[in-house]
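The model shown is predicted, which means the values in this text are computed figures rather than measured ones. Note: hydrogens, waters and symmetry copies are ignored here, and every other heavy atom, side chains too, is used.
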There are 2 protein chains.
Amino acid sequence: MTGQRGYHHGDLRRALLASAVEAITEAGPAALSLRDLARRAGVSHAAPAHHFGDKAGLLTALAVEGFDLLAGALREAGDLLDAGVAYVRFAVGHRAHFEVMFRPELYRRDDPEVAAARERAGAALRAGVAALPRDGTDPDEEADALAAWSIVHGFATLWLAGALPPRTGPDPEAAARKVIRRLFD
Amino acid sequence: MTGQRGYHHGDLRRALLASAVEAITEAGPAALSLRDLARRAGVSHAAPAHHFGDKAGLLTALAVEGFDLLAGALREAGDLLDAGVAYVRFAVGHRAHFEVMFRPELYRRDDPEVAAARERAGAALRAGVAALPRDGTDPDEEADALAAWSIVHGFATLWLAGALPPRTGPDPEAAARKVIRRLFD
DNA sequence: CTCGCCATCTTGTCAACGGCAAGTTAGGCT
DNA sequence: AGCCTAACTTGCCGTTGACAAGATGGCGAG
């Protein structure tokens with residue numbers, strides 16, 4: 001039981017991360033304010049610094065969380081098409097994590113924890129590509145992986161940016177499935 | 001001749017936009033400071049506000065410039081493969097513009113000028129897809145356009161984020177060409 | 001049981017920033 | 001010559017991230 005008020009706060013670190021996700025989802029990472037997070041948690045403006053050092057530290061923790069969530073989602077997927085849809089679902093459903101993960105100027109991308117988590121996600125992605133039934137002709141698995149990653153990442157990014165035309169429809173997963181299939185024709 | 005010191009500055013607006021591109025290329029849009037731009041131009045800290053209203057106004061102007069640059073690059077391309085490579089070349093060569101264009105929370109995306117410029121770029125993109133030789137089977141041009149846009153946008157984004165593994169090589173255009181070809185197999 | 005340690009959190013301060021208001025300068029037009 | 005207005009300046013306010021130094025309280029050693 002990581003209660004509300006164990007000694008000082010109880011679980012400030014977790015509370016700050018949760019508030020950060022909320023704030024970033026609403027207004028983007030640029031608008032994130034450590035002081036605002038502190039206010040939401042009912043602590044002083046300098047409390048967050050103790051847990052994360054600085055803003056980049058908090059976002060680094062968020063990136064780690066994100067890469068692990070993504071790795072989990074990819075591992076649960078079946079074939080490569082499923083994995084692609086899962087990637088898009090992750091991006092749309094965990095917008096805050098996703099936006100931070102791929103904006104390396106916001107956090108410490110060489111942090112060992114984040115490097116390890118990124119590697120776990122990368123491995124899950126490559127496993128999906130390796131499981132593709134090959135029709136023999138061109139075994140450039142590297143280019144296949146890059147193409148698959150690019151198409152789902154691009155679709156997710158464009159969706160989140162609101163750049164896609166209205167006729168794409170309201171359901172990102174359905175639209176993504178149609179798009180990803182274009183890679184396999 | 002839009003000289004250096006015509007009356008007050010000469011061409012502050014243009015100078016600010018140029019400095020902004022430089023600053024964003026170096027440190028990302030989040031680190032952009034109007035006051036820093038003013039210092040670089042040798043004017044007071046409030047001068048930029050006169051030309052752009054606020055930070056979002058400056059970035060709106062930058063987005064317009066970017067969409068027009070992109071539209072031009074796409075129009076000059078030959079077939080769809082060329083256009084895809086041109087898209088990636090634009091993203092890498094005009095990183096600052098590209099990053100702002102697809103981060104709508106940074107600027108006024110409903111600004112009429114930016115909407116018009118975005119539409120010009122979109123038209124250029126769709127023209128490339130329409131020129132694709134069709135083999136008849138499935139004439140879903142919408143999904144084709146979305147797939148093409150997604151794969152080049154995803155590749156460009158991942159490249160800029162530094163997310164691609166080192167074995168991708170140092171040349172984004174060559175790698176992009178290999179990846180885009182995967183769509184046409 | 002008490003004493004001291006140390007992670008946790010607070011208070012106070014600083015420079016930098018975006019934005020606003022009010023004043024000043026200077027080109028151009030009548 | 002005289003004014004009009006765009007272009008820029010000066011001064012200010014509230015907010016932010018970061019840092020330093022102090023307060024609080026749980027917990028283990030003796």
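Using a 4.0 Å heavy-atom criterion, one finds that B:Leu32 contacts the sugar-phosphate atoms exclusively. The residue B:Ala49 sits apart from the nucleic acid: no heavy atom pair falls under 4.0 Å.
Between A:Arg177 and A:Glu173 there is no salt bridge, since none of the side-chain N atoms of the basic residue sits less than 4.0 Å from a carboxylate O of the acidic one. Salt bridge absent: B:Arg108 and B:Asp111 never bring a charged side-chain N and a carboxylate O closer than 4.0 Å. In this structure, B:Glu142 does not pair ionically with A:Lys178, as no charged nitrogen and carboxylate oxygen lie closer than 4.0 Å. Between B:Arg126 and B:Glu119 a salt bridge is recorded (basic side-chain N to carboxylate O distance below 4.0 Å).
One atom, CG of B:Asp11, and another, C1' of D:dC8, lie 15 Å apart when rounded to the nearest Å. Atom pair B:Leu37:CG and D:dC8:C1' shows a separation of 16 Å (rounding to whole Å applied). Whole-Å rounding puts the B:Phe52 CZ to D:dA6 P distance at 17 Å. Protein atom CG of A:Asp54 is 5 Å distant from nucleotide atom P of D:dA18, rounded to whole Å. Rounded to whole angstrom, the span from the NZ atom of B:Lys55 across to the C1' atom of C:dC20 amounts to 17 Å. Following rounding to the nearest Å, B:His45 (NE2) and D:dT10 (P) show an atom-to-atom distance of 8 Å. Spacing between atom CZ of B:Arg35 and atom C1' of D:dT15 amounts to 12 Å, rounded to whole angstrom units.
Ranked by how close their nearest DNA chain C nucleotide is to the 5' end, A:Ala47 and B:Asp36 are led by A:Ala47.
You'll find that the side chain of A:Ser44 is closest to C:dT11, out of C:dG19, C:dT11, D:dT9. With distances taken from any side-chain atom of A:Ser33 to the nucleotides D:dA7, D:dT16, D:dC12, the minimum falls on D:dT16. When distances are taken from the side chain of B:His50 to each of D:dA7, D:dT16, C:dC20, the shortest belongs to D:dA7. Candidate nucleotides D:dT16, C:dT10, D:dA7 were compared by shortest atom distance to the side chain of B:His51, and D:dA7 ranks first. Checking D:dA18, C:dC9, C:dG19 against the side-chain heavy atoms of A:Leu12 singles out C:dC9 as nearest.
Phosphate proximity of C:dA16 to B:Arg39: absent, as no side-chain N or O sits under 4.0 Å from OP1 or OP2.
For B:His153 and B:Phe102, the distance between ring centers is under 6.0 angstrom. If you look at A:Phe98 and A:His94, their ring centroids are not closer than 6.0 Å.
No donor-acceptor pair under 3.5 Å is formed between the side chain of B:Tyr107 and the backbone N or O of B:Ala61.
Of the residues in residues 95-110 of chain A, none lies under 4.0 Å from DNA chain D by heavy-atom distance.
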